[in-house]
There are 2 protein chains.
Amino acid sequence: MNITLDDIARRAGVSRATASRVINNHPHVNPAVRERVWQAIRETNYQPNLPARSLASRRSQVIGIIIPQPIHTLFADPYFPLLIEGIAHVCNERQFSIMLDLATTTDGDPYRHLGRRGFLEGAIVASAVEDQFLLQWLAQETIPVVSVGRITSQQAIPFVDVNNRHGARMLVEHLIGQGYRRIATITGPMNIVAGRDRFAGYSDALHAAGLPVMSELVVEGNFSEQSGFTAMQTLLRLVPIPDAVFAASDMMALGALKALRAAGLSVPGDIGLAGFDDIPLAAAMTPALTTVRQPIGELGQTAARLLLDRLATDSLAPVTQRVMLPTELVIRDSCVRQR
Amino acid sequence: MNITLDDIARRAGVSRATASRVINNHPHVNPAVRERVWQAIRETNYQPNLPARSLASRRSQVIGIIIPQPIHTLFADPYFPLLIEGIAHVCNERQFSIMLDLATTTDGDPYRHLGRRGFLEGAIVASAVEDQFLLQWLAQETIPVVSVGRITSQQAIPFVDVNNRHGARMLVEHLIGQGYRRIATITGPMNIVAGRDRFAGYSDALHAAGLPVMSELVVEGNFSEQSGFTAMQTLLRLVPIPDAVFAASDMMALGALKALRAAGLSVPGDIGLAGFDDIPLAAAMTPALTTVRQPIGELGQTAARLLLDRLATDSLAPVTQRVMLPTELVIRDSCVRQR
DNA sequence: CAAAACCGTGAAAGCGCTTTCAGAGGGAAG
DNA sequence: CTTCCCTCTGAAAGCGCTTTCACGGTTTTG
């Protein structure tokens, strides 16, 4: 019923093997023959059968994206869409398909063994909370994995990351330079490397300036707007309140801003505010948010390239690659010390 | 190297056929044998090879979700995540995987023929702009498709939808009941049925009340917050300005609200505002938004069930099913006529 | 000018599963 | 005691492709 490679071969007067070579762009095929085969393909509008191809070649041309978070939280923050877009861009170029593992992100069995089952050739894992499921999966899975952001306990996994610590430090040093002294921070989740690193950068800057890190000024969030709102409310109960706040993500900064507004405080008039990520929204906020830019799309592209390059070279050597992308301080209006 | 079904069969002392029967829960297998096979599977931690299974059975257990929009717009609105979540829920229950076709939503070839290529067993298409690509794809693809929202020109496609027209009418009648007379609307895209229907409901309500539909009071948006903002700015240039605005999506209502605030107008003090969708944000806005609730998650679940049921019955008869889900008027604080 | 290298091609052997078919055995029906 | 019909099982034939191997023919090399 469906057109198969045999049909094409017969139509072009060649063997199945040759037809396969043409489709896969293998060398050593007479140009005239090559053209005959292509013509047959065009005439019949032939579409190769993917499962058959996967079975025979052991390559599915599909990679998975694994983000261990509920799907709605996943899309509340523009970070992930931008990351995925970067990945998708590279995958499209190289004719790979992407499977967003939604089972992981909803209520299904997390981490079904799509790799061992021959479905995925590789996977990109992002924003990895180091939970038991993830580690178990990584241990059992046999396909190449690239991580966006490091996973502490799995040093063998290639990753692409930004220098969170350095970026955060630059930012907080900027705050100190503006004259702020009682600087609070709303951190990311401390079970994620990015969360810990940005906090470390905050500490670094304070230490370097001879300022103490006071635990009352440190509140843990989870990168979401809501958590930023709540954390800010906590900070506002301090006496005196902080004179500036470094939120470890722009979305948390947004939440914090809303809490400040609700409390009748103005930014930067009454209190300075800074974020991290430089999502598009940051520039559009009032006041425009001072933040640290991380090249999110590039992060995705790089991760995809790392993975696809690895898949292309059949060398089984575990190429442990690490790529660090630079961050950049973006100074806007949300933390200007008023005299 | 990898464990195959043959290994399992040998280990359990049965034929490959029997092992396959056990795995697929076929009847007519001796319980004792069944248990032996399961034990072998457990002991070896066997994972069946998916491509091989697809090839042999012609069923991949994967469905596609196709939303013909750039990925970042896709996630700016909570509508799609909620829809996807609904679909994912049902798919997880039935051991199906979901492929979010990101090639469609980014810059790749839209609509690769994943179905004809044996990769997808079925597809759900949502928010379908009736462009040439979509129609061409629908014409060529041979797998079952279910649509969320109708596609005018393709009446044969089963769909699940809400009664947009009726919902919009109820809402606008509520506005009229509040005493508003100069009621503007920011419509959805008019090349999508939902956009046209909500506008039709608006017209219905005005006609029924003997009010004219004035073209200056109708501005087309595209469901996005940004478009709501822009459209509201347009409406604010009218003299006099409208006394109420019906935005055909909550996100557009949010955009409109921001434009009103920027113009120094208060809602509902100076102007009434209403939306459509009842996304979680609607209740959280200040003022809380009066809107029309559509059961987004249920929409996704129903679509998935329709598709999966269809796949389960091998009957080739094109079962054209239509499901309409109810909408509900949700009255909050954004359009209360002040006396 | 023989040997070696290379090019272009087809036959055939799988990849790991599902599914049909046939058959053995046992109990119920005639 | 046949005949028929279940239940359970294995052999075998694919599903549609890739890839190895072998082989003739043509070039290049020493």
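So that the names make sense, note that chain A is the first sequence line, chain B the second, and so on, each numbered from 1.
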Check the distance between C:dT19's C1' and B:Arg16's CZ and give it to me in whole angstrom.
11 Å
Would you say A:Ser15 reaches C:dT9's phosphate, i.e. side-chain N/O to OP1/OP2 under 4.0 Å?
no
Looking at five pairs on each end of the helix from C:dC1-D:dG30 to C:dG30-D:dC1, what is the angle between the two axes, given to 10 degrees?
40°
Tell whether B:Arg21 reaches the base of D:dG10 with its side chain through a donor-acceptor pair below 3.5 angstrom.
yes
Residues 26-33 of chain B side chain polar contacts: donor-acceptor under 3.5 Å, at least two apart:
residue : atom : partner : partner atom : Å
B:Asn30 : OD1  : B:Ala32 : N            : 2.8

d(CG, B:Asp7; C1', C:dG16) in whole Å
10 Å
What's the CG-C1' distance between B:Leu5 and D:dG10, to the nearest Å?
13 Å
Are the side chain of A:Arg36 and the backbone N or O of A:Ala12 linked by a donor-acceptor pair below 3.5 Å?
yes
Verdict with reasoning, B:Arg16 to B:Asp7, per salt bridge (Lys or Arg N to Asp or Glu O under 4.0 Å)
CA-CA 9 Å; B:Arg16 201 185 330 141; B:Asp7 299 330; over 6 Å; no
Choosing from C:dT18, C:dG10, D:dT9, which nucleotide comes nearest the side chain of A:Val14?
C:dG10
For B:Glu43 and B:Gln39, does a side-chain donor sit closer than 3.5 Å to a side-chain acceptor?
yes
Length of the CG-C1' vector between A:Asp6 and C:dA12, whole Å:
13 Å
Nearest-nucleotide 5' precedence on DNA chain D, B:Ser57 against B:His28:
B:His28
To the nearest angstrom, the CD1-P distance between B:Ile23 and C:dC17 comes to 7 Å
Below 3.5 Å, does any donor atom in the side chain of B:Arg58 face an acceptor in the base of C:dT18, or the other way round?
no
Gap between atom CD1 of A:Ile65 and atom CD1 of A:Ile98 - 0.5 Å precision:
4.5 Å
Side-chain N or O of B:Asn30 versus OP1/OP2 of D:dT7: is the shortest distance under 4.0 Å?
no
Length of the CZ-P vector between B:Phe119 and D:dG16, whole Å:
17 Å
Say whether, by atom type as modelled, one donor and one acceptor occur between the side chain of A:Gln61 and the main chain of A:Phe96 under 3.5 angstrom.
no
Using atom CD of A:Glu121 as one end and atom P of C:dC15 as the other, report the distance to the nearest whole Å.
18 Å
For a quick test of reading the model, state the closest non-hydrogen atom pair linking B:Leu311 to B:Gly122 and the distance between them.
CD1-N, 4.5 Å
Please determine whether a side-chain nitrogen or oxygen atom of B:Asn24 lies at a distance below 4.0 Å from atom OP1 or OP2 of C:dT18.
yes
Can you figure out which of D:dT18, D:dT9, C:dT18 approaches the side chain of B:Ala56 most closely?
C:dT18
Donor-acceptor pair, B:Thr18 side chain versus B:Val14 backbone, under 3.5 Å?
no
For atom CD of A:Gln61 and atom C1' of D:dC17, their distance in whole Å:
13 Å
Counting the benzene-type ring for Trp, do A:Phe119 and B:Phe119 have ring centres under 6.0 Å apart?
yes
In residues 46-55 of chain A, what residues come within less than 4.0 Å of DNA chain D, judged by heavy atoms?
A:Tyr46, A:Pro48, A:Asn49, A:Ala52, A:Arg53
Any side-chain heavy-atom pair of B:Pro158 and B:Arg322 under 4.5 Å
no
Counting just side-chain N and O atoms, does A:Ser20 come under 4.0 Å of either OP1 or OP2 of D:dC17?
no
